[in-house]
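Below: the structure, in structure tokens.
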Amino acid sequence: MEEDEIEQNEENNEKEVSSDFEYKDIKDLPGVGSAIASKIRNAGYQDIIALATANPMTLVEACDIGEPTARKIVAEAREASKMNFMSGLEFEDKRKSVQRISTGSEALNILLGGGVETQSITECYGEYGSGKSQIAFQLAVDVQLPLEKGGLEGHAIWIDTEGTFRPARIEQLAAVKGLDPKQALQNIKIGRAYSSDHQVLLVDKIPELVNADPKIRLIVVDSMMALFRAEYVGRGTLADRQQKVNVVLHNLQRLADRFNIAVYITNQVMARPDVMFGDPTAAVGGHIIGHVATYRIYLRKGKKGSRVGKLVDSPSLPEGEASFEITSNGIADLDEEKKK
Ligand code: GTP
Ligand code: MG
């Protein structure tokens with residue numbers, strides 16, 4: 001890490017995140033260039049962790065390399081992935097550096113244990129118009145606020161897969177919070193993904209962006225599954241799709257860990273004809289996202305134009321619900337009248 005980068009981080013975080021949690025790409029391993037790296041990926045080993053568990057003989061065939069080289073590459077991958085272990089004490093220290101971004105609604109913040117957390121993936125799923133993107137707009141503005149106002153004085157990255165990013169909405173929300181609207185927009189890097197492969201590439205680019213701008217504290221992916229869902233039709237390719245989604249999610253989680261960043265992803269729901277009772281909807285992407293996301297919020301439309309967020313399967317927080325509304329000023333708590 002560069003020296004000024006460390007300074008920045010110290011400024012942003014109460015405590016520096018353990019920096020030995022090195023993010024490495026396969027191509028950065030000694031003896032692996034981009035040509036071999038891409039062959040390794042084609043052989044199904046998408047990241048260092050996967051490669052660390054590979055049988056060297058598989059690589060000999062798939063990458064057209066000698067056995068000693070293959071053994072060396074796997075050994076290097078094992079060495080590099082050792083960094084994923086830390087003592088319980090170190091883990092606790094790292095957890096202490098977790099920070100939270102306000103969603104704009106106190107009720108929703110409380111439901112999430114204080115706001116959207118860094119070092120975690122928060123997934124928000126719900127039907128069309130339920131407010132998933134609106135929460136993302138609010139977070140992208142609120143992350144820029146000072147700590148005492150629910151922000152991290154940070155910047156954001158926004159991966160837009162549906163073409164629904166609206167600069168005007170950012171400017172409007174920024175003005176409400178007393179930020180300079182143009183500057184607020186300047187502080188958000190937008191990547192428009194046109195295909196699922198493109199989405200994977202954009203996520204791969206993030207470490208570079210964060211190195212260039214250590215103030216980045218929020219990554220939005222709106223929406224996570226839209227392109228995958230459109231491209232992988234029919235159940236035959238489902239395993240393929242899930243494997244790719246899995247890689248993206250794990251990369252996002254690693255970024256969240258390494259740089260103390262909050263990741264917020266949105267997801268649509270699909271009708272579940274097999275569910276006869278209760279709410280017949282389920283998040284697209286099924287269990288894979290469920291297992292990776294630390295916080296999952298199910299959003300639905302409530303009474304009198306309100307929205308209801310339900311916390312689903314949280315590891316540490318009780319399940320519960322929070323009502324809020326979407327106003328021209330952004331996400332807000334319901335007024336007393338509407339609570340009735
Ligand atoms: P999809 O992306 O279509 O799946 O939906 P989504 O969950 O992302 O919905 P989104 O966050 O875009 O919410 C759209 C809703 O927010 C609209 O239907 C409006 O009810 C509300 N909304 C958006 N902008 C404003 C605004 O300026 N004022 C008010 N009062 N409501 C707004
Ligand atoms: Mg949306």
Side-chain angles (χ1 to χ4, degrees), residues 101-105 107-109 111-112 116 121-143 156-177 179 181 184-185 188 190-194 196 199 202 218-231 245 263-272 279-286 289 293 295-312 321-335 337-339:
I101 306 167
S102 171
T103 61
S105 151
L108 190 56
N109 288 347
L111 184 72
L112 289 168
V116 170
I121 297 179
T122 300
E123 179 201 356
C124 188
Y125 67 102
E127 63 166 319
Y128 153 81
S130 56
K132 306 178 292 289
S133 298
Q134 286 301 319
I135 293 177
F137 284 117
Q138 190 72 59
L139 291 170
V141 169
D142 285 7
V143 71
I157 289 177
W158 185 300
I159 296 181
D160 178 9
T161 69
E162 298 180 305
T164 51
F165 180 79
R166 294 282 172 272
R169 184 61 169 159
I170 294 288
E171 293 189 44
Q172 186 183 18
L173 298 180
V176 171
K177 297 285 179 165
L179 296 171
L185 213 44
I188 305 171
I190 300 118
R192 170 78 165 98
Y194 292 97
S196 63
Q199 184 177 342
L202 288 173
L218 170 73
I219 300 169
V220 168
V221 185
D222 185 25
S223 82
M224 180 65 208
M225 295 298 297
L227 293 168
F228 285 97
R229 186 190 202 184
E231 288 168 33
V245 172
V263 176
Y264 174 84
I265 65 178
T266 69
N267 198 356
Q268 297 122 322
V269 291
M270 57 181 176
R272 288 245 323 255
D279 195 336
T281 53
V284 177
I289 295 195
Y295 297 97
R296 307 189 85 194
I297 312 163
Y298 173 53
L299 268 197
R300 64 173 199 272
K301 294 175 185 166
K303 281 185 282 186
K304 301 179 191 164
S306 70
R307 297 294 192 277
V308 183
K310 179 179 185 193
L311 189 66
V312 187
E321 291 194 340
S323 297
F324 60 93
E325 64 181 333
I326 308 167
T327 73
S328 48
N329 287 346
I331 306 292
D333 282 320
L334 294 183
D335 55 35
E337 198 43 44
K338 287 197 181 139
K339 278 185 191 164

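The first residue in the sequence is number 1, and the count goes up from there. Atoms within each ligand, like the ligands themselves, are counted from 1 in listed order. A quick note: this is a predicted structure, and the numbers were derived from the prediction, not measured.
Contacts between T327 and ligand 1 below 4.0 angstrom, taking non-hydrogen atoms only, involve the backbone exclusively. Contact annotation for K301 and ligand 1: no heavy atom of the residue comes within less than 4.0 Å of the ligand.
E321 has a carboxylate O that lies under 4.0 Å from a charged side-chain N of R300, or vice versa, which qualifies the two as a salt bridge.
Atom 3 (O) of ligand 1 has as its closest protein heavy atom Y128 CD1, 3.2 Å. For atom 5 (O) of ligand 1, the closest heavy atom belonging to the protein is G129 N, 2.8 Å. Of all protein heavy atoms, the one lying nearest to atom 18 (O) of ligand 1 is R307 NH2, 4.0 Å. When only non-hydrogen protein atoms are considered, atom 21 (C) of ligand 1 lies nearest to I326 CG2, 3.7 Å. Nearest non-hydrogen protein atom to atom 4 (O) of ligand 1 is K132 NZ, 2.8 Å.
Going from atom CE of M224 over to atom CZ of R229 covers 14.0 Å, rounded to the nearest 0.5 Å. For the atom pair CD1 of I265 and NZ of K132, the computed distance is 12.5 Å after rounding to the nearest 0.5 Å. Rounded to the nearest 0.5 angstrom, Q268 CD and S130 OG are separated by 10.0 Å. One finds the CD1 atom of I190 at 12.0 Å from the CZ atom of R192 (value rounded to the nearest 0.5 Å). Atoms OG1 and CG, from T122 and L311 in turn, are 9.0 Å apart once rounded to the nearest 0.5 Å. Atom CZ of F324 and atom OG1 of T103 lie 7.5 Å apart (nearest 0.5 Å).
Using cut-offs of 30° and 60° on the angle between ring planes, the pair W158 and F165 is perpendicular.
With atom 26 (C) of ligand 1 as the reference point, the heavy atom nearest to it among S328, A332, G305, C124 is part of S328. The nearest non-hydrogen atom to atom 13 (O) of ligand 1, considering only R169, Q268, Q134, comes from Q134.
For the Mg ion (ligand 2), the N/O/S atoms of Q134 include none lying under 2.8 Å.
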#### Entry: Verdict with supporting geometry, Q134 and R169, side-chain hydrogen bond (donor to acceptor under 3.5 Å, both in side chains)
CA-CA 9 Å; Q134 286 301 319; R169 184 61 169 159; 2.8 Å; yes
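When only modelled atom types and interatomic distance are considered, S133 and D222 share a side-chain donor-acceptor pair under 3.5 Å.
Ligand 1 is never approached by T164 to a heavy-atom distance shorter than 4.0 Å. Not a single heavy atom of Q138 lies less than 4.0 angstrom from ligand 1. Residue contacts with ligand 1: S130 is included, with a non-hydrogen atom under 4.0 Å away.
Where the criterion is an N or O separation shorter than 3.5 Å, residue side chain and backbone included, G126 fails it with respect to ligand 1.
Stacking of R296 on the aromatic ring of Y298 is not recorded, the 6.0 Å distance cut-off and the 45° axial limit not both being met.
Ligand-side atoms of ligand 1 in range of E127: 7 (O), range being under 4.0 angstrom from any heavy atom. Using a 4.0 Å cut-off to heavy atoms of S133, the atoms of ligand 1 that qualify are 2 (O), 6 (P), 8 (O), 11 (O), 12 (O). Taking every non-hydrogen atom of G131 and a distance limit under 4.0 Å, the qualifying atoms of ligand 1 come out as 6 (P), 7 (O), 9 (O), 10 (P), 11 (O), 13 (O).
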